[in-house]
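Just so it is clear: chains get the letters A, B, ... in the order the sequence lines come, proteins before strands, and each one is counted from 1. Bear in mind that the values here come from a model prediction, so they are computed numbers and not experimental data.
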Amino acid sequence: MYTFKKEERLCSHKLLEKLFHSRSSFLLYPFRVVWLKEPLLVPAQVVISVPKRKFKRAVDRNLLKRRIREAYRLNKGDILYPFLQDNNSQILLSLTYVGKEIEEFEFLEKRLKAALVRLTELCNG
RNA sequence: ACAGCAAGCCGUUCUAUCGCUCCGCUAACAGCGGAGAGGAAAGUCCGGGCAACACAGAGCAUCCUGCUUCCUAACGGGAAGGCCCGCCCACUGGCGGGACGGAAAGUGCCACAGAAAAUAUACCGUCUGUCCGCCAACUGGCGGACGGAUAAGGGUGAAAACGCGAGGUAAGAGCUCACGGCUUUAUAUGGCGACAUAUAUUGCGGUAAACCCCAGGAGUUGAAAGGCCAAAUAGGUUCCGUUGCCGGUAGCGAAAGCCAUGGGGAGAGUUGCUCGCUCUCUGCUCCCGACAUCUGUUGGGACGAACGGAAUGGGUAGGCCGUUAGAUUGUGCCAGCAAUGGCAUGGCCAGAUAAAUGAUAGAAGCUUCCGGGUUUGCCCGGGAGAACAGAACCCGGCUUACAGGCUUGCUUUUUUU
RNA sequence: UGCCCGAUAGUAUAAAGGUAGUACGACGGUUUUUGGUACCGUUUGUCUAGGUUCGAAUCCUGGUCGGGCAA
């Protein structure tokens with residue numbers, strides 16, 4: 001269950017265009033979350049991005065993306081996937097890091113859990 | 001021993017759990033096994049490979065490089081050397097630095113200050129001629145006016161007409177001479193050469209990271225290059241420009257008819273420009289006027305058509321190859337002062353593509369702080385830290401960033417012998 | 001990833017190698033009962049480190065930051 005394969009990553013250019021034109025998003029520091037319901041083969045496809053404008057060096061961006069990816073991998077099975085299976089729906093998801101500093105893994109994991117909970121509430125409403 | 005500087009090298013390791021990318025095996029999306037960032041992967045500053053396009057050739061322009069010899073696939077890189085500059089200094093050395101061709105081809109510039117910044121237009125001075133005045137009466141002195149000679153002195157400036165001494169002169173001046181500095185040319189000697197030394201000779205402001213001259217070099221564009229497959233579109237619309245020539249002639253043919261080469265014109269390519277070169281096109285219809293006259297000439301216009309150019313619109317937004325092993329590297333021997341080269345023998349499988357190499361926990365070693373013990377070597381307990389930085393077609397360099405450690409060399413201080 | 005440009009006061013924009021300007025803004029003063037307008041004055045700058053030069057915003061080299069173009 002704690003996997004994160006290629007199928008769960010959002011790589012299609014078309015779907016990305018569709019997602020970022022959907023305008024259904026919310027901000028939960030340090031994440032900006034954009035989401036869209038879309039029929040897929042897997043429960044969710046996610047794209048993680050850290051802006052180059054805020055973190056100039058590739059090392060810092062890679063570090064943050066790895067930490068966020070790890071937090072998502074460990075927590076999607078507890079929160080997001082059971083909800084999606086109950087409602088029989090699939091979702092496109094974008095996690096953009098908007099913080100100004102490099103946060104520790106524990107903080108990122110805590111906030112990501114909160115973001116996923118918020119996401120399930122918004123999907124229902 | 002400590003500290004500093006320079007050069008070179010290294011730049012954490014191991015285990016567990018959960019994952020990521022690629023490869024292999026198996027019927028399998030599951031399992032097992034294997035591999036998985038750097039000295040700079042960075043900046044993109046040079047050079048090359050590779051690829052596409054272009055290429056008869058010539059001239060002009062543009063850009064780059066700039067002491068010599070060597071190394072190298074090549075270089076703006078490296079090695080050795082020459083010359084110049086600075087520091088330590090006093091030994092005929094050491095260390096550090098240098099975009100280091102030409103100012104005697106030409107042009108330009110040198111603010112302010114200063115008389116003058118380059119063909120010396122002479123401010124104060126110095127010397128002197130003529131005239132006038134005064135003192136005065138030796139062949140004189142002083143002042144004024146108008147001329148002439150003079151770059152030695154003054155002050156200015158970043159820089160003042162090579163420095164200094166003697167001769168010379170009315171006073172002066174490389175004007176002449178000796179010594180010295182730099183420089184041109186020639187000869188001799190040494191060196192492959194840059195260059196050095198000696199003799200003779202020519203001269204003497206700076207600036208070429210000002211234009212420029214000389215010598216050498218550069219085709220352009222970069223993997224989003226380029227090739228293949230799949231999918232999609234079914235060649236749309238608008239605007240602009242050109243095209244009716246010599247001639248339906250020569251020629252061929254019995255005739256019907258076929259119909260050039262070449263020239264002229266237009267366009268395109270040659271991707272900085274020009275010449276030159278190469279390629280393509282030069283076909284048809286209608287209307288009006290004039291001339292001639294019974295189907296032509298000429299001028300104007302229209303129409304599509306063809307060609308060329310520009311804009312706009314529409315579609316696709318996937319995969320594979322290129323693409324990871326070579327100008328590679330450790331060790332030894334040989335050649336060479338060295339960079340480097342040759343031979344022998346081992347080692348080296350990252351290949352992602354919204355872009356993998358991670359997260360958590362523990363241990364060891366390193367550095368450092370606190371507390372305790374101590375034989376001042378260190379030991380025990382606890383806490384903290386670990387740099388710069390992430391492959392993107394591949395190499396060779398350069399530049400920049402870098403906690404800590406190791407080795408070598410030099411210097412300073414202290415202690416011991 | 002590859003290639004190519006640029007950087008001047010808070011903002012915009014000038015300056016042939018020779019005293020860094022101009023406009024708007026900010027601040028202070030005068031005028032006004034107060035505010036505005038007007039007038040006067042002040043402040044703040046050549047991205048950074050070297051080099052060439054007597055002298056650098058300008059010329060050259062390295063770095064930093066910003067921007068652009070490429071199926």
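- Between A:Arg67 atom CZ and B:rA356 atom C1' the separation is 18 Å, expressed in whole Å.
- B:rG322 and B:rA223 have their C1' atoms separated by 8 Å, with the value rounded to a whole Å.
- Rounded to an integer number of Å, the gap from CG of A:Leu95 to P of B:rA354 is 17 Å.
- A 3.5 Å limit on both hydrogen-bonding distances identifies B:rG269 as the Watson-Crick or G-U partner of B:rC277.
- Taking atom C1' in both B:rU62 and B:rG272, the straight-line distance is 7 Å, to the nearest Å.
- The nucleotide C:rU42 finds its pairing partner in C:rA26, both defining distances of the Watson-Crick or G-U wobble pair being shorter than 3.5 Å.
- Rounded to the nearest Å, the gap between the C1' atom of B:rC87 and that of B:rC5 is 15 Å.
- With hydrogens and angles left out, the side chain of A:Arg73 and the base of B:rC18 share a donor-acceptor pair within 3.5 Å.
- Atom P of nucleotide B:rC20 and atom OH of A:Tyr72 are separated by 14 Å, given to the nearest angstrom.
- Annotation: B:rG313 and B:rC286 have their C1' atoms spaced 34 Å apart (nearest Å).
- For B:rA356, the OP1/OP2 oxygens have a side-chain nitrogen or oxygen of A:Arg69 closer than 4.0 Å.
- The side chain of A:Arg66 places an N or O atom within less than 4.0 Å of a non-bridging phosphate oxygen (OP1 or OP2) of B:rU357.
- The partner of B:rU184, taking Watson-Crick or G-U wobble pairs whose two distances both stay under 3.5 Å, does not exist in any strand shown.
- Across all strands shown, B:rU367 forms a Watson-Crick or G-U wobble pair, both distances under 3.5 Å, with B:rA384.
- Put simply, CZ on A:Phe105 is 9 Å from P on B:rA359, counting in whole angstrom units.
- Pair check for B:rU130 finds B:rA145; Watson-Crick or G-U wobble, both atom distances under 3.5 Å.
- A:Leu64 places its CG atom 14 Å from the P atom of B:rA355, with the value rounded to the nearest Å.
- Separating the CG atom of A:Asn62 from the P atom of B:rA352 is a distance of 16 Å, rounded to the nearest angstrom.
- With both ends at atom P, the span from B:rC95 to B:rA118 equals 46 Å, rounded to whole Å.
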